Amino acid sequence: MRGVVLDSRRWLILLPYPGGERTPNLPDAAGSLLGMRIANMTPPSMARAAVEGMLCGMADALDELRGQGLAVERVVLIGGAARAQAVGQVAAQVFGSAVTMPRPDEYVALGSARQAAWALSGAAEPPRWPHASERMPCRSI
């Protein structure tokens, strides 16, 4: 599992594909929870497996982009899970690079509004848009 060293006696492994996966295109993929033992069926262990499974799926998508010749210059996490510093640390380990987590905001809505403003303007470049300045860098633990 992508640079994450797991002791199968201690950690659970979640493959989060109960409805297939879009990137990479794995429409027939199935979800799995591996390594279940009485000692590791705890809320923290299950939460870590869920976070690692989600992040490994994102890492697969990054690998697809790299495979198409695109350089991935930075990884920025947004959304509810990105509010937890521990998620950023696990992400840095999974991605093998530093991860930035901007302060929480409505980034999907703001991005949509910026794209709409750009489309309506007819300009060659997107409009300047305020963005979060506070960032929390995360390093692998």
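All values reported here derive from a predicted model rather than from experimental measurement. Heavy atoms only: backbone and side chains are in, while hydrogens, waters and symmetry mates are out.
Follow the hydrophobic side-chain contacts under 4.5 Å out from Leu70 and you reach Val72 in the same cluster. By the rule that hydrophobic residues join a cluster once side-chain heavy atoms approach within less than 4.5 Å of another member, Tyr107 and Trp118 end up as members of separate clusters.
With Ser112 contributing its side chain and Val108 its backbone, the two residues share a donor-acceptor pair below 3.5 Å.
Judged as a side chain to side chain contact (heavy atoms under 4.5 Å, CB included), and not counting sequence neighbours, the contacts of Ala117 are Pro127, Trp129. Partners of Met58 by side chain to side chain contact (heavy atoms under 4.5 Å, CB included), not counting sequence neighbours, listed by chain and number: Met54, Leu55, Leu77, Phe95.
The distance from the CG atom of Leu33 to the CE atom of Met41 is 6.0 Å, given to the nearest 0.5 Å. Going from atom CE of Met46 over to atom CG of Leu14 covers 8.5 Å, rounded to the nearest 0.5 Å. For the atom pair CZ (Arg128) and CZ (Arg114), the distance works out to 8.5 Å, reported to the nearest 0.5 Å. Atom-to-atom distance recorded for Met36:CE and Ile13:CD1 is 12.0 Å, nearest 0.5 angstrom.
Taking all atoms of both residues into account, the shortest heavy-atom contact from Ala59 to Val94 is CB-CG1, 4.0 Å. Nearest heavy atom pair, residue Ala82 against residue Met101, reads O-CE, 2.9 Å.
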